[in-house]
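Contents: one structure, followed by commentary.
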Amino acid sequence: MDALLYLTKRTFSNRLKKALKKPVTYIYIVLGGAYVVLLLAGWGILARNGGIDSVKWLVYILTAWVYLAICSNFISYAKLKGVIFKPSHQHFIFPAPISPKKILLYGAVKNFVINLIMDVVIALAGITIFHLSVGRAILLFFVLFVCETVFEASLIIFLYAKEKRFEPLVKVICKSIYVLIGVIAVIIILFIKKNGFSAAAAEDIFNLPALQLVPVAGWCVAAVRLIVIGPATVNVIGAALFFLSCAGMLSVALRMKCSGAYYEDAAKFADDYAEMKSRSKQGEVVLSIGKKKKFKKAGMRYHGSGAKAIFYRQLLEYKKEKYFIFGAMTLYSIIGAAICVFVIDTPEHIPPGLSLLGVMAYLIFLTTGYLGKWNKELANPYIFLIPDKPMRKLWYATMMEHIKSLVDGIVLAVPVGIAWGIPAYQIVMCILIYCVLQANRLYIKILGESILGSTLGNTGKSLFAMAVQGGILGVGIGLAALMGFFIHYNFVFPIMLIYSMIVTVLIALLTVGRFETMEQWD
């Protein structure tokens, strides 16, 4: 154990020293601190203004959090993909004369640290926002972190130890985790089917006694309700079952033998995880770890010459993809459209067309850091070697992304526009504005790469892009709002479209010269 502690200490110390030598670290510290303070302050203001600054709403929030955290963690552990090691660990840690149990818990420490941070924030929010007493906040932290971590650590040992006598039981538990998710879904679906979906019905869902008796996750919720609200028959029974299950899992974990049979699976997963991280940095959306990407057979007939070859090569790559041009942004658009159509009623105080435009602008801002294949495309020297004008190369290199934006905009705007009764011309305007702002996102990426280089890293570049995109959206919304207030709200759409096009063209012109020399930046 001393060796693991030394490794952790030395790794942390080296990373800290390296980070403190970079001026950008201090910028991140200031921005991170300001973000946390503003976030807590914002939550407090929203809670007070919305009338949800009570322990009742704290229970509702914690119910959602507990179910989300426990179910997601347990599914990853059931697949033996919840504990992440690095490729170097298989060479330096696995062969070391250290207990496999300690190595396993060492690998899970990162998960526990994240839980610790979240649970401390929850306890502080409970005291400052939801008027929870200090004593109850401490008990809440004990249940959410100490007890849940004991259960989680014990479950990790139980699932990973691979002791032969428990193998049938392990398989049952792994399958039961999926059954657990299904039971929760069935309970909620049946309730909504019976009572409909509304704010009052949603509140009643959180108070369902059945959700407090679901194994582990429900029992944890029962313990939370016991501490925050007070004793009731259901939450006392559920809390008792939760504490007994924690004690039982701990007893089993202490008695189990762990020979290190999981090393082989852990080493393979470490390699797969490293590959996934590498692919993600290149802009690829990786939905599963360890599975090789499959491509379809496709052909392409090229038309034209010069920079047009870039477009046809990209089109050929997308034709090989399983879902063609439909990707993560399409999924976000579908989710956004579903929420607007089935959850949010037609806006009454704000014109529906403006509400749709606001939704689309907000989605663009939230996904500023996501660029799909564009990150990978910028690293491709093929673009820069083609003997053609920089403007043509920039246009054809982004044409496929413009087409994708058009499709995603249609997927989001058309269903919402029909459901909300928005005039057709406003729907078209919203789609065009969406496409132009998405193009602006691509050009900002090039601008950020050329200005920042490797100074701020990927996080800094993402923050730069969000700041520029947020500023552009803010100015555009301000101009459109003034025009709509003093003249008519219908002028918002053409003004926003013209403004977006002007800004996008200007940024594109700024990036043309830099795009020509991008292959020299490294």
Sequence neighbours excluded and cut-off under 3.5 Å, please list the side-chain donor-acceptor pairs for residues 227-244, or say none.
from, atom 1, to, atom 2, distance (Å)
Asn235, OD1, Ala232, N, 2.9
Asn235, ND2, Gly230, O, 3.1

Check: Can you tell me how far CG of Leu139 sits from CG of Leu144, rounded to the nearest 0.5 angstrom?
Finding: 11.0 Å

Notebook entry, point to check: Looking at residues at least two apart in the chain, or sitting in another chain, which of them share a side chain to side chain donor-acceptor pair (under 3.5 Å) with Asp119?
Noted result: none

Item checked: Heavy-atom check, side chain of Thr63 versus side chain of Val224, under 4.5 Å -> no

Check: To the nearest 0.5 Å, what is the distance between CG (Leu116) and OG1 (Thr149)?
Finding: 8.0 Å

Notebook entry, point to check: Does Leu211 offer a backbone N or O that forms a donor-acceptor pair with the side chain of Tyr67 under 3.5 Å?
Noted result: yes

Checklist line | Separation of Met249 CE from Met256 CE (nearest 0.5 Å) | finding: 8.5 Å

Note to self: Taking the side chain as everything from C-beta on, heavy atoms only, tell me whether Leu140 gets closer than 4.5 Å to Leu62.
What the structure shows: yes

Note to self: Restricting to side chain to side chain contact (heavy atoms under 4.5 Å, CB included), what partner residues turn up for Ile138, sequence neighbours left out?
What the structure shows: Val134

Next item on the list: Could you check if a side-chain atom of Met329 sits within less than 4.5 angstrom of a side-chain atom of Lys404, using non-hydrogen atoms only?
Entry: no

Note to self: Please enumerate all residues that pass side chain to side chain donor-acceptor pair (under 3.5 Å) together with Thr330, with sequence neighbours excluded.
What the structure shows: Asp408

Note to self: Less than 4.5 Å apart, side chain to side chain, heavy atoms only: is that true for Leu132 and Leu58?
What the structure shows: yes

Checklist line | Side chains of Phe151 and Ile70 in contact at under 4.5 Å (non-hydrogen atoms) | finding: no

Checklist line | Partners meeting side chain to side chain contact (heavy atoms under 4.5 Å, CB included) with Leu68 (sequence neighbours left out) | finding: none

Margin query: Just to verify, what does Tyr60 make a side chain to side chain donor-acceptor pair (under 3.5 Å) with, not counting sequence neighbours?
Written below: Glu203, Asn207

